[in-house]
Amino acid sequence: MRDKSKGKVENMSSLIDNRKYATEITADSDGEQVSVAGWVHEKRDLGGVFFLIVRDLSGFAQVTLHRGVVEKELFERAKKVPRESVVAIEGKVKREKKAPNGYEIIPERMEVLNEASQILPLDTTGKVGAELDTRLDARFMDLRTERTKHIFIIRSRVLKAIRDFLDERGFIEINTPKIVSAATEGGTALFPISYFEREAFLNQSPQLYKQMLMGAGFDRVYEIAPIFRAEEHDTTKHLNEATSVDIEVAFVSDKEVMSILEELIAFVYSEVEGYPGLSKLNLKLGVPKIPFRRITYDEAIELLSETGEEIEWGEDLSTSAERTLGEIIGELYFITDWPCAIKPFYAQPVDAGLKGKKENICYAFDLMHPKVELASGSQRVHSYELLKRNIESKGLSADSFEFYLDSFRFGMPPHAGWGLGVERLLMSMLEIDNIREVVLFPRDRRRLAP
RNA sequence: GCCCGGGUGGUGUAGUGGCCUAUCAUUGAGCCCUGUCGAGGCUCGGACUCGGGUUCAAAUCCCGACCUGGGCGCCA
């Protein structure tokens, strides 16, 4: 849990040199001289005895001051420290059944490293709630609350689990540019930026670059990075800056990368399942069983039709259609065999070069959580001719994709891949309704600060 | 962009024309209290988003702006 510098820090309290985390101290530390440092979470003044609850990353330590036992000056000073101030306290550990963690600290010295102004923008103890907007405005303080803190520790665990899983399977982690030239894959709007004397954009996804790496012979790559979409959407499931996990694998089909995806999801759940902080979210996590159910686009439409929700073939699923399907299926599932018309130009058509096959269907899939779409992917077009034709038939200019198309002219293996939204995975896993809750400093249509 | 809600102390709220000198909780200031763990008791402080309008009278009704919650669309 810790890796604290043992070196003396200039201009800082000597009390933090041998700082311990609250949960490192136990009743068995009875009699030990320790120091703790953190935020003044709560103060309880009972007159002759005064409790100061210090909060640090690990949890809480109770500091107990008896009138007449500790120095009067220290007693008075401790009572005056405003809540949420940062303090360092040195004292003796005392085993104490009446204390929350079975021990308390009888202080000998206390330094206030930074006194907090009053009144606080929100309550860190959780006694009085605050609306999300208020919390995001004072995010630095919201992050001090147990619930919010643990969301982000879990987020870190999720990302580590993803890396562990993919590294284990021989994937190479890559970093592709976030400043890109005009070529959009279509669909979403891009954020224009000024790039010296030219116009450039923030990337909407690493799609084109990860595919180019297949032509480079990297075979299995992944990237975890921000993506930017300039859509004026206004929902609890969309952000203008999000984090995407993207993979691309050569010499495999969409079926293989679907397996990788469901195994990854199950692994992530299992890595989060035992995390003690889940209790702060009032959540019991069940690891989903794999393989996930697979339904085709046609079957989805059929299911919807049975509930009276008519989707015309070739139309994308509406929000309510997704919700209805989610209610019917009730667990993670794939939708496969999408019409090419509603999938990007790089999705491989089923009928490519094959007479008599179903027309206009792609080897494309979406991974759905009952409440939100999590990922989408496909077998990719690896024929230069077909790709060029697809780009043009989507009304895009092949010229602006030259840098990308070139990699298909000199040896591009068959390949497949997907993109997974990290925030969506987190919010669905933790049963959080608003995507903003799982991003430290979310960017939406209205919010650019903090 | 469209539709429907909502803006009251720092925070979360009650209040739908006069009973508002605006409720309650929490926070803040202070006092009492030697085992709190949502401590308890007492005192005090602190608010009707802004601008117009209707009315004898507006937190309350109407209009506009801004902010905000949800749904839809767009989108992943």
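Order of the sequence lines fixes the chain letters, A, B, ..., with proteins taken first and strands second; residue numbering starts at 1 for each chain.
Closest to the side chain of A/S318, from the set B/rG35, B/rA76, B/rG73, is B/rG73. Comparing B/rU27, B/rC37, B/rU68 against the side chain of A/R446 picks out B/rU68 as the nearest. In this structure, the nucleotide among B/rG12, B/rG38, B/rG28 sitting nearest to the side chain of A/A130 is B/rG12. Comparing B/rC72, B/rG73, B/rU36 against the side chain of A/R323 picks out B/rC72 as the nearest. The side chain of A/H66 sits closest to B/rU34 out of B/rC75, B/rU68, B/rU34. Comparing atom distances between the A/L46 side chain and each of B/rG38, B/rU68, B/rU36 picks out B/rU36 as nearest. Ranking B/rU26, B/rC74, B/rA76 by closeness to the A/E231 side chain, first place goes to B/rC74.
Nucleic acid contact class of A/T236 (heavy atoms, under 4.0 Å, all strands): sugar-phosphate only. At a threshold of 4.0 angstrom between heavy atoms, the contacts of A/D246 with the nucleic acid are absent. Using a 4.0 Å heavy-atom cutoff across all strands shown, A/E104 reaches at least one base atom of the nucleic acid. Across all strands, A/A99 comes closer than 4.0 Å to base atoms (heavy-atom distances). In this structure, A/P121 reaches the sugar-phosphate backbone alone: every heavy-atom distance under 4.0 Å involves primed, P, OP1 or OP2 atoms, never a base. Residue-level contact check: A/L367 touches neither bases nor backbone, having no heavy atom under 4.0 Å from any strand. A/Q62 comes within 4.0 angstrom of a nucleotide base, judged by non-hydrogen atoms across all strands. Here A/D234 lies in heavy-atom contact (under 4.0 Å) with a base. At a threshold of 4.0 angstrom between heavy atoms, the contacts of A/G129 are confined to the sugar-phosphate backbone, with no base atom among them. Within 4.0 Å (heavy atoms only), A/L122 reaches no atom of the nucleic acid at all. Counting non-hydrogen atoms under 4.0 angstrom, A/D133 reaches the backbone sugars and phosphates but no base. Using a 4.0 Å heavy-atom distance criterion, A/E232 is classed as a base contact. At a threshold of 4.0 angstrom between heavy atoms, the contacts of A/D366 with the nucleic acid are absent.
Under 4.0 Å is where a charged nitrogen must lie from a carboxylate oxygen, and between A/K92 and A/E32 no such pair does.
Taking atom CZ of A/R95 as the reference point, atom P of B/rG35 lies 22 Å away to the nearest angstrom. Following rounding to the nearest Å, A/I53 (CD1) and B/rG35 (C1') show an atom-to-atom distance of 11 Å. As rounded to whole Å, 12 Å separates atom C1' of B/rU11 from atom NZ of A/K127. Atom CZ in A/F365 sits about 14 Å away from atom C1' in B/rA76, given to the nearest Å. The NZ atom of A/K43 sits 17 Å away from the P atom of B/rC37 (whole-angstrom rounding). Distance A/R135 CZ to B/rU68 P: 16 Å, rounded to the nearest Å. Taking atom CZ of residue A/F50 and atom P of nucleotide B/rC31, one finds them 13 Å apart after rounding to whole Å.
Rounded to a whole angstrom, the distance from the C1' atom of B/rG15 to that of B/rC61 is 16 Å.
Between A/D444 and A/R436, the shortest heavy-atom distance links the atoms OD2-NE, 2.7 Å.
The residue among A/G421 and A/K94 whose nearest nucleotide of RNA chain B is located toward the 5' end is A/K94.
By the 6.0 Å and 45° rule, A/R169 stacks over the aromatic ring of A/F165.
Atom OG of A/S320 is separated from atom CG of A/L325 by 9.5 Å, given to the nearest 0.5 angstrom.
Distances shorter than 4.0 Å separate none of the side-chain N or O atoms of A/K98 from OP1 or OP2 on B/rU36. A sub-4.0 Å separation between OP1 or OP2 of B/rA76 and a side-chain N or O of A/R424 is absent. Listed pair A/T134 / B/rG12 meets the phosphate criterion, a side-chain N or O lying under 4.0 Å from OP1 or OP2. An OP1 or OP2 oxygen of B/rC37 is reached within less than 4.0 angstrom by no side-chain nitrogen or oxygen of A/K97. Side-chain N/O atoms of A/N240 include none lying less than 4.0 angstrom from OP1 or OP2 on B/rA76. At B/rA39, one or more side-chain N or O atoms of A/R44 fall inside 4.0 Å of OP1 or OP2 (strictly under the cut-off).
Side-chain contact between A/I335 and A/M368: present, with at least one pair of heavy atoms (C-beta onward) separated by less than 4.5 Å. Side-chain atoms of A/P100 and A/F60, non-hydrogen and from C-beta on, never get closer than 4.5 Å to each other. Side-chain contact between A/E271 and A/R157: absent, with no pair of heavy atoms (C-beta onward) separated by less than 4.5 Å. Annotation: side chain of A/I311 is in contact with side chain of A/Y297 (closest heavy-atom distance under 4.5 Å).
Of the nucleotides present, B/rG53 is the one that pairs with B/rC61 by Watson-Crick or G-U wobble criteria, both distances under 3.5 Å. Across all strands shown, B/rG35 forms no Watson-Crick or G-U wobble pair with both key distances under 3.5 Å.
Interface remark: the A/H233 side chain does not form any donor-acceptor pair with the B/rG73 base, using a distance-only criterion of under 3.5 Å.
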